[in-house]
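Below you'll find the structure, written out as structure tokens, and then a few comments.
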Amino acid sequence: MSRYNAKETETKWQGVWNDAACFAVTEDRSKPKYYVLEMFPYPSGRIHMGHVRNYTIGDVIARYKRARGFNVLHPMGWDAFGLPAENAAIEKKVPPGDWTYENIAIMRDQLKTMGLSLDWSREIATCHPGYYRHEQKMFLDFLKAGLVYRKESWVNWDPVDHTVLANEQVIDGRGWRSNALVEKRKLPQWVFKITEFADELLDDLSTLDRWPEKVRVMQHNWIGRSEGAHVRFPFVNAPGYSDTAEIEVFTTRPDTLFGASFCALSPNHPLTTGLCENDEQAAAFVAECNRMGTSEEAIEKAEKLGYDTGLRVRHPLDPDIELPVFIANFVLMEYGTGAIFGCPGHDQRDLDFARKYGLTVVPVVLPPQADAADFEIGNEAYVGDGRIINSRFLNDLTVDDAKRRVIEELESLQAGTGTIQYRLRDWGVSRQRYWGCPIPVIHCGDCGIVPVPESDLPVQLPDDVSFDKPGNPLDHHATWKHTTCPACGKEAQRETDTFDTFTESSWYFARFCSPRAENAMDKDAVDYWLPVDQYIGGVEHAVLHLLYSRFFTRALKRCGYLNLDEPFSGLFTQGMVCHETYQDESGEWLPPADLQRDGGGNPITSSGKPVTVGRSIKMSKSKKNTIDPAEIIGTYGADTARWFMLSDSPPERDMEWTEAGVEGAWRFVQRLWRLISEDTEKLPAIGGPVPTAFGDKASDLRRTTHKTIADVTDAIEQFRFNRAVAKLYELTNSLTSARSEEPDALWAKREAFEVLVRLFGPMMPHLAEELWQRLGHKGLLVDEAWPLADDTLTAEETVTLPIQVNGKLRATIDIVVDEADDSVREAALQQPGVQRAIGEKQVRKLIIVKNRVVNIVV
RNA sequence: GCCCCCGUGGCGGAAUUGGUAGACGCGGCAGACUCAAAAUCUGUUGCCUUCACGGGCGUGCCUGUUCGAGUCAGGCCGGGGGCACCA
């Protein structure tokens, strides 16, 4: 018996599928559609194990749904704009476009060795003008619809990448790519109005019942809806430097308004800025605030500091109450109105501030068990529920009632309004980079900002750029930005900023529906294919990409591109691929591929030095604990890699890649090959007569076969691939021990083999195709329907019943299914183990749960 | 600080959703085949105790609900993730 040659066989079947264009699809209205999409890769150069896991999971679903009779769209493309291409240009003097397309070519070949059921005819690369021209058109449409605006604003500036970052891209005060401390700069920005849909984006999360709860919670928190009120505090004496006669604050606790003892402005508030012009001390205080870091530790340790401006405001509900106005370092300009009122009794931070500056502390909410006569606030603010006190017309109300009542009052006095505040902010998309989609506007000295006429699209990136100077090459280019104004014809300049690369990935799933259409999307095609039925990718995109895509879909709907709200009806977030880490004596990280084993199986360096084994963490270049998928596929074949990916760990959890695990998967591939190909000649012919009767062994095998169909189907539907794998091992084990050569047994064996091959087909498609052919089939397995379990065969005739005494297992008995309680009771009590356990004691109660358990209480 | 998730053998993980805990795989041990090794096959493998039959313990810890708890409830401990001077 020859060994299974994975390499040869895999190449062969990949060729067959390709020649038959098996996975190319069109809108076939006679079948239900199913759109499976994995998050498309950035063309970094080579595929990594995370890709292998992602695309293996997606391919199992795609092939399974196809076998279930769905018209499956399963496309692939490239998220091709981005900074690494520019870095490569600087380091290797290669134009970013060339570098990107070369990487795409390599990675496309690598992906093809995985045997994925992809419709390659739909391949797209976002850096191609045929793709990004549509994005430019969308921008112009968004502009007309008021979903894009330009804003001079404080931005997060990444000093290493020389670009602006969105809030979502700043993690702990650092750039998400460069990890550099982010600085604040004031720049004009193009901004997508994501807050237009804040409510919808939040409310519709509840319709996404096939999304992980975790992701919905994360988006919920990110959008951060707070109900409260805007309240205006008029100045006692209007400050001379401003026309403004009041301070407007946002609060979620208007019920505590009578507990107010101060107001505080952000150091960046316009009133503060005005004040600083006449008050050196205030200016010094503000400068001090701006010097403070924005990192997590800095914020954590920072003392709550204030500067008393000497200004006074009147309480909105009682003009006789006057409150001091501070500038305070903890008030953020970006949230609410950039000003607050402080109620020390019921907010810890306000309390700390009041104690520090000797302000009054009036309790206005009485805890349920406390006595109004002697209730005082000590060192802890009371933030819980209770009855309102010391608050005139609000007294005795609950917190919630008081909120409603006080908002009514404020609104009738025109001193405030009930409002909803979001944490979510609009999405700034301008990036000072070359390798991105140009923003299609022109700056004219006379006409201001003029959109590029649609007939002039696309605004194409120039190829001849230089990276010799830091900053944006588009800005440095000799001719590119110089143009004429579309409105007046005078000399004008192009916008040199490009879009944030998250823009391309916000609509690529729609482009896949009609990738070569003249317009961005063909209506028939998007109506047929969208939404994506199953989207699969890493949880790291829970907020960024997935929120942007939800926004984009709504914006595109408003502009008439498509007709849906939610782009992804099902989402699955897979875990990371981890590996042990290795260090030599000097602490240098060592790649697993460079290690050898000593006599005891311990890893050593190639020169025989000892190696410290560290815990298993996500594969990363910096820790060098990566395994190259190309090498694994070259050695063991794609099926082995795919099988191991699915085997042990549930797909949503992090998994550990181990050599032993791969070996195990590889052994199973060989075992299946031997098991089935050794026996094919003995089996009855395809479509041969069904035996009139089956013996016990054949019946047992058939029951196992059909139960396996039911179990594996169920497991795949639920994304529990590790369980599907276990069930397939069990069927294989049963087949290994089925040695009878009686005609009925051989018939059952052919049935089992064919079921087995079809069930693992989505996971190991090449081996399955090969064995399908060896079993004598002329057609392709990929065109074969999914097997159906025969319920009449899976029903058990007998069941093993556990017998417990006081809840502890003492015996088991085999009974006929649905056996009468009386005979079960009798059999149970006769068991020696049961009698031993009962002993002299009295049987008080005997519980029989049909076909499940017997419990005897003594 | 707030919100969410997770704790099961040496390891990855199963457990029909309240009914025989440890399926399946990895690893280990023993054996067969072999001159030998690899490969393959067979058996065994939660812990403690016993020559054995058997018995005891066991799903992070403590309480509770129940005939019965890995599963439900309450409280701790530990790990991971998200958000965070957000008013």
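Order of the sequence lines fixes the chain letters, A, B, ..., with proteins taken first and strands second; residue numbering starts at 1 for each chain.
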TODO: Scan side-chain atoms only and decide if Y422(A) and D199(A) contain a donor-acceptor pair under the 3.5 Å cut-off.
DONE: yes

Open item on the list: Heavy atoms only, 4.0 Å cut-off, all strands: where does R216(A) land among base, sugar-phosphate and nothing?
Closed with: nothing

- [ ] Select base, sugar-phosphate, or nothing to describe what T800(A) touches, counting heavy atoms under 4.0 Å on all strands.
- [x] base

Task: Options rU42(B), rG55(B), rG12(B), nucleotide nearest the side-chain atoms of S649(A) - done: rG12(B)

Open item on the list: Let's see if you can work this out: which of rC83(B), rA21(B), rC67(B) has an atom nearest to the side-chain heavy atoms of V857(A)?
Closed with: rC67(B)

TODO: Give a yes/no on whether any side-chain N or O of N733(A) is located under 4.0 angstrom from OP1 or OP2 of rG25(B).
DONE: yes

TODO: With C1' as the reference atom in both, quote the distance from rG25(B) to rC76(B) in angstrom, rounded to an integer.
DONE: 35 Å

Open item on the list: OP1 or OP2 of rA38(B) versus the side-chain N and O atoms of R667(A): is any pair under 4.0 Å?
Closed with: no

Task: Any R349(A) side-chain N or O less than 4.0 Å from OP1/OP2 of rC86(B) - done: yes

Open item on the list: So V849(A), base contact, sugar-phosphate only, or nothing? Heavy-atom distance under 4.0 Å.
Closed with: base

- [ ] Could you work out which one of rU40(B), rG56(B), rA87(B) sits closest to the side chain of T251(A)?
- [x] rA87(B)

Open item on the list: With a 6.0 Å cut-off on the ring centroids, do Y307(A) and F326(A) count as close?
Closed with: no

Task: D711(A)/K727(A) under salt bridge (Lys or Arg N to Asp or Glu O under 4.0 Å): CA gap, chis, key distance, verdict - done: CA-CA 7 Å; D711(A) 289 346; K727(A) 294 295 175 188; 3.8 Å; yes

- [ ] State which of rA87(B), rU42(B), rC26(B) makes the closest approach to the side chain of T736(A).
- [x] rU42(B)

Open item on the list: Using a 4.0 Å heavy-atom cut-off, does R836(A) contact any base of the nucleic acid, only the sugar-phosphate backbone, or nothing at all?
Closed with: sugar-phosphate

Open item on the list: Please tell me if R720(A) has a side-chain N or O lying less than 4.0 Å from either OP1 or OP2 of rA15(B).
Closed with: yes

Open item on the list: Under 4.0 Å, heavy atoms only, any strand: does Q804(A) hit a base, just the sugar-phosphate, or nothing?
Closed with: base

Task: Partner nucleotide of rC76(B) by Watson-Crick or wobble geometry (both distances under 3.5 Å) - done: rG60(B)

Open item on the list: Looking only at the side chain of R423(A) (C-beta and beyond, no hydrogens), which of the listed nucleotides rC85(B), rG12(B), rC86(B) gets closest?
Closed with: rC86(B)

TODO: Assign each of Y422(A) and P802(A) to its nearest nucleotide of RNA chain B by heavy atoms, then name whichever residue's nucleotide is nearer the 5' end.
DONE: P802(A)

- [ ] Name the pairing partner of rA84(B), where a pair is Watson-Crick or G-U wobble with both distances under 3.5 Å, or state none.
- [x] none

TODO: Could you work out which one of rG19(B), rU40(B), rA87(B) sits closest to the side chain of R674(A)?
DONE: rU40(B)

Open item on the list: Could you tell me how far rC67(B) sits from rC77(B) if I compare only their C1' atoms? Round to whole Å.
Closed with: 31 Å

Task: Distance below 4.0 Å between R653(A) side-chain N/O and rG7(B) OP1 or OP2 - done: no

TODO: Using the C1' atoms only, state how far rA23(B) lies from rA73(B), rounded to an integer number of Å.
DONE: 29 Å

Task: Check: N855(A) side chain, rC67(B) base, donor-acceptor under 3.5 Å - done: yes

TODO: Have a look at V249(A) and say if it touches a base, only the backbone sugar-phosphate, or nothing, with a 4.0 Å heavy-atom cut-off.
DONE: nothing

Open item on the list: Taking the nucleotide of RNA chain B with the nearest heavy atom to each, does S647(A) or G807(A) sit closer to the 5' end?
Closed with: S647(A)

TODO: Would you indicate which nucleotide in rG25(B), rU20(B), rA14(B) comes nearest to any side-chain atom of D648(A)?
DONE: rG25(B)

TODO: Describe the nucleic acid contact of K808(A) in one word from base, sugar-phosphate, nothing, applying a heavy-atom distance below 4.0 Å.
DONE: sugar-phosphate

Open item on the list: We want to know whether Y382(A) and E380(A) form a side-chain donor-acceptor pair, criterion being a heavy-atom distance below 3.5 angstrom.
Closed with: no

Open item on the list: Taking the basic N atoms (NZ, or NE/NH1/NH2) and the acidic carboxylate oxygens, is any pair closer than 4.0 Å for D821(A) and K850(A)?
Closed with: yes

Open item on the list: Counting only Watson-Crick pairs (N1-N3 plus N6-O4 or O6-N4) and G-U wobbles (N1-O2, O6-N3), all under 3.5 Å, who is the partner of rC11(B)?
Closed with: rG25(B)

Open item on the list: Base of rC67(B), side chain of K845(A) - is there a donor-acceptor contact under 3.5 Å?
Closed with: no

Task: Test item: side-chain donor near acceptor, N722(A) and R653(A), under 3.5 Å - done: no

- [ ] For rC67(B), take OP1 and OP2 only and decide whether either is under 4.0 Å from a side-chain N or O of R844(A).
- [x] no

TODO: Determine the Euclidean distance between corresponding C1' atoms of rA21(B) and rG74(B); express it in Å to zero decimal places.
DONE: 25 Å

Open item on the list: Considering every strand and a 4.0 Å limit on heavy-atom distances, what is the contact class for R723(A): base, sugar-phosphate, or nothing?
Closed with: sugar-phosphate

Open item on the list: Between F341(A) and F262(A) (judged by ring centroids, cut-off 6.0 Å), do the two rings come close enough to count as a pair?
Closed with: no

Open item on the list: Within the 3.5 Å criterion, strictly below it, is a donor on S734(A) or Y729(A) matched to an acceptor on the partner's side chain?
Closed with: no

Open item on the list: By the 4.0 Å heavy-atom rule, please label N806(A) as base, sugar-phosphate, or nothing.
Closed with: nothing

TODO: Tell me the partner of rA30(B), counting only Watson-Crick (N1-N3 plus N6-O4 or O6-N4) or G-U wobble (N1-O2 and O6-N3) with both under 3.5 Å; none if nothing fits.
DONE: rU42(B)

Task: N722(A) side chain near rA14(B) phosphate (N/O to OP1/OP2, under 4.0 Å) - done: yes

Open item on the list: What contact category does Y729(A) fall into here, base, sugar-phosphate, or nothing, at under 4.0 angstrom with non-hydrogen atoms?
Closed with: sugar-phosphate

